[in-house]
Structures are given as C-alpha cells and as structure tokens.
Amino acid sequence: MRTVDDWQDYKILATSDGMKLERWGDVVLLRPDPQVIWSGGDLFSRKGIHAVYKRSSKGGGGWEVISRFPSEWQVKYRDLQFKIKPMGFKHTGLFPEQAVNWNAMRSLIEKEKREIKVLNLFAYTGGASVACAKSGALVTHVDAARGMVERAGENARLSGIESGIRYIVDDCMKFVAREIRRGNRYDAVIMDPPSYGRGPNGETWKIEENLFSFVGDCVKLLSEKPLFFLINSYTTGLQPEVLKNILTLTLKGFNGTVEAYEVGIPTDEGINLPCGASGFFKAHTT
C-alpha cells in the first residue's frame with residue numbers, strides 16, 4: 001500500500017463499524033466506508049462532528065447536519081487547493097488518498113525537458129488534472145458530468161492555474177474514439193473509471209466488460225515517447241494485479257515498467273485505511 005503523510009488539511013480521526021470520522025480543514029464529517037469492517041467504539045457520540053451521512057433503507061441517503069458549517073470551503077495540499085462540498089452519495093468532491101499519485105505524476109512531468117500532453121478520463125473534479133497542470137503539463141480533462149467539469153475549473157483557479165487545461169463534457173469512450181480518428185496523441189493517460197455509469201446520451205459503462213478494450217483504445221492515443229499511464233479503481237473486488245495485467249498486456253509494445261498497488265490513508269489509530277487500487281505504467285526514459 002502507498003500512502004502520503006503530509007496532508008495538513010485532511011485527516012482520518014477514527015474508524016469503526018462501517019464509518020470513518022474525517023477532518024476536512026476545520027470541518028469534521030462522519031460518513032460510510034465499506035472497508036471498515038472492524039469496531040473501534042461509537043463514533044456517533046464523538047464531540048465536534050458537523051455532519052453525518054446516513055444511508056436510507058430505500059437506497060441512497062443524505063447528510064444530517066449536527067452543527068453549522070459552511071456549505072463549501074477549501075483545503076490545501078502542498079501548492080494545490082480544492083473546493084470541498086458535501087454532496088449526494090456521501091462524496092465531498094475530493095479523494096485525498098490520490099495525493100500519492102499526484103506526487104508521482106508531477107515528479108515525472110517536472111523531470112522532462114519537453115511539453116507533456118496529458119489526457120485525464122472520467123476526470124471528476126480534477127485532482128489529477130490540477131496536479132499535472134501545476135507542474136506544467138497541458139491537460140485535456142474529460143468527464144460526462146458538466147457539474148464536475150465546472151468544479152474542476154474552480155479547483156484549477158483556486159490552485160492558481162488560469163490556462164493549460166482543456167475541459168470537455170463528453171462520454172469518455174466516444175471522445176477517445178474521435179481522438180483516434182483525428183490522429184491526436186498524448187504523452188500520458190490517466191483514468192478513474194466507475195464500476196458502472198451512463199454517459200450524457202444514455203451510453204452505458206461496465207468496468208468488467210469495458211475496461212480492457214477501452215485501455216487498448218487509449219493506448220492508440222499515446223505518442224511515440226509516452227511518459228506514463230495510470231488507472232485508478234474503486235471497484236470492490238478489482239485487485240491491483242488486475243490493473244497491472246491490463247497495462248502489461250496493452251502496453252507490451254512500449255519500453256517501461258508497470259506497478260500495481262493499493263492506495264490508502266493513515267489514520268490517527270495507527271492503521272492505514274485502504275481506499276482503492278492503482279496500476280501505473282512508467283516509461284523508461286533516457
């Protein structure tokens with residue numbers, strides 16, 4: 001597992017019985033986490049909680065406000081800044097554990113003495129887009145949800161980025177198919193595909209059925225000297241080695257190394273909370 005321990009504005013305070021207690025800046029939230037199958041005491045009785053996300057027996061759920069807090073606020077990680085806003089399906093608009101990948105990608109980009117073009121697919125609110133752009137890359141940010149793409153633009157501006165990111169609201173599979181036809185090329189690809197999803201025109205995505213062929217299509221967009229290819233997954237049961245195998249098979253014509261690992265967050269209890277899996281191809285550069 002790979003983690004980062006230098007977050008100042010984010011911390012997991014405690015975990016117990018399917019829930020995690022988090023501090024986002026000055027706001028403390030309690031929300032579900034399916035990985036927490038152990039007991040560590042009654043988190044609901046903790047003092048200082050601002051809101052709790054409670055699931056509904058009919059599906060979905062909502063936030064129960066315990067004490068007043070801003071409807072949205074900002075957190076910082078190193079030289080990056082992001083807007084946090086509790087939303088439906090327990091989300092806040094940021095996955096702090098991905099900082100380990102932001103750091104790795106930025107290091108690779110900053111070592112290059114050339115312009116790096118990055119394609120970020122299923123790009124959500126743009127954590128990776130902002131990180132890469134901050135290090136000088138030209139980023140194409142693609143997501144089917146207009147609201148998330150607009151949020152990515154806000155995060156970029158909060159981080160002092162006024163240019164360098166092209167925002168696209170589109171179905172990722174259709175966008176990639178068009179880019180192949182256009183002959184466009186990228187030096188790096190990032191994707192964070194959902195387990196299941198629908199595009200703006202009803203297109204369906206199922207990760208078990210579509211991921212391998214889609215990665216193969218994305219490989220067609222790589223330049224002659226690609227820098228990296230990153231796949232993130234939060235699909236339960238999809239092991240890191242699966243992502244490694246997909247990248248190894250689809251990128252066998254390129255000179256590089258494929259790694260696979262869990263990403264996680266250290267907690268105040270002295271444990272690491274697993275948060276997802278990553279497969280990372282890094283080119284051998286000379």
Side-chain angles (χ1 to χ4, degrees), residues 1-67 69 73 75 77 82 84-103 122 124-125 127-128 148 192-197 207-208 231-243 260-280:
M1 176 178 287
R2 298 186 183 180
T3 65
V4 292
D5 58 5
D6 60 344
W7 268 100
Q8 300 298 314
D9 284 354
Y10 176 79
K11 181 176 284 189
I12 298 180
L13 305 173
T15 57
S16 182
D17 299 318
M19 304 292 288
K20 60 183 175 184
L21 186 65
E22 306 164 294
R23 178 180 62 77
W24 298 83
D26 296 327
V27 179
V28 176
L29 303 177
L30 180 59
R31 57 180 179 147
D33 191 300
Q35 299 290 338
V36 182
I37 62 172
W38 52 87
S39 294
D42 180 14
L43 299 184
F44 290 88
S45 63
R46 291 284 192 103
K47 294 182 179 179
I49 298 175
H50 291 88
V52 178
Y53 187 88
K54 292 188 174 180
R55 296 192 184 279
S56 169
S57 59
K58 299 179 180 179
W63 291 94
E64 178 184 325
V65 176
I66 307 300
S67 60
F69 65 99
W73 64 100
V75 299
Y77 177 73
F82 304 99
I84 302 301
K85 181 179 181 179
M87 302 179 293
F89 301 103
K90 73 175 183 177
H91 291 302
T92 62
L94 190 67
F95 293 91
E97 64 275 4
Q98 285 299 322
V100 70
N101 287 327
W102 304 339
N103 295 341
F122 309 100
Y124 195 50
T125 58
M148 296 301 100
D192 194 347
S195 302
Y196 176 85
I207 195 166
E208 297 88 348
I231 306 175
N232 293 307
S233 174
Y234 289 87
T235 300
T236 303
L238 197 66
Q239 302 296 327
E241 195 72 11
V242 173
L243 304 180
Y261 44 89
E262 286 184 281
V263 291
I265 291 284
T267 81
D268 273 3
E269 306 149 309
I271 62 175
N272 292 325
L273 179 64
C275 300
S278 294
F280 203 169

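Just so it is clear, the model here is predicted, and its values are computed rather than measured.
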> Roughly how far, to the nearest 0.5 Å, is NZ of Lys47 from OG of Ser67?
Replying inline: 13.5 Å
Does [Y] offer a backbone N or O that forms a donor-acceptor pair with the side chain of [X] under 3.5 Å?
| X | Y | result |
| --- | --- | --- |
| His50 | Leu29 | no |
| Ser16 | Leu43 | no |
| Thr267 | Ile12 | no |

Are any of the side-chain heavy atoms of [X] and [Y] separated by less than 4.5 Å?
| X | Y | result |
| --- | --- | --- |
| Leu94 | Trp24 | yes |
| His91 | Met148 | no |
| Tyr10 | Val4 | no |
| Met19 | Tyr53 | no |
| Trp73 | Val27 | yes |
| Leu30 | Arg46 | no |

Closest approach of [X] and [Y], non-hydrogen atoms and distance?
| X | Y | result |
| --- | --- | --- |
| Pro266 | Asn272 | CA-OD1, 3.4 Å |
| Val28 | Gly48 | CB-O, 3.5 Å |
| Tyr261 | Pro240 | N-CB, 3.7 Å |
| Ser195 | Thr235 | OG-OG1, 2.7 Å |
| Ala51 | Trp63 | CB-CE3, 3.9 Å |
| Pro32 | Arg55 | CB-NH2, 3.6 Å |

Partner set under side-chain hydrogen bond (donor to acceptor under 3.5 Å, both in side chains) for [X], not counting sequence neighbours:
| X | answer |
| --- | --- |
| Asn232 | Gln98, Asn101, Ser278 |
| Ser233 | none |
| Trp38 | Thr15 |
| Ser45 | Asp42 |

Counterpart residues, side chain to side chain contact (heavy atoms under 4.5 Å, CB included), relative to [X] (two or more places apart):
| X | value |
| --- | --- |
| Asp5 | none |
| Val242 | Leu238, Gln239, Ile246 |
| Pro194 | Phe122, Trp205 |

>> I need the single residue from Tyr234, Phe95, Phe82 that forms a ring-ring contact (aromatic ring centres under 6.0 Å, His included) with Tyr124. Which is it?
In response: Phe95
How would you list, by chain and number, every residue that makes a salt bridge (Lys or Arg N to Asp or Glu O under 4.0 Å) with [X], sequence neighbours excluded?
| X | result |
| --- | --- |
| Glu208 | none |
| Lys20 | Glu22, Asp33 |
| Asp26 | none |
| Asp17 | none |

> Can you list every salt bridge (Lys or Arg N to Asp or Glu O under 4.0 Å) pair that touches residues 260-269, not counting sequence neighbours?
Replying inline: Lys11-Asp268
> Where do Leu243 and Phe280 land on the side-chain contact (heavy atoms from CB on, under 4.5 Å) test, with the steps shown first?
Replying inline: CA-CA 8 Å; Leu243 304 180; Phe280 203 169; over 6 Å; no
> In this structure, are over 12 heavy atoms from other groups packed under 6.0 Å from Lys90 atom NZ?
Replying inline: yes
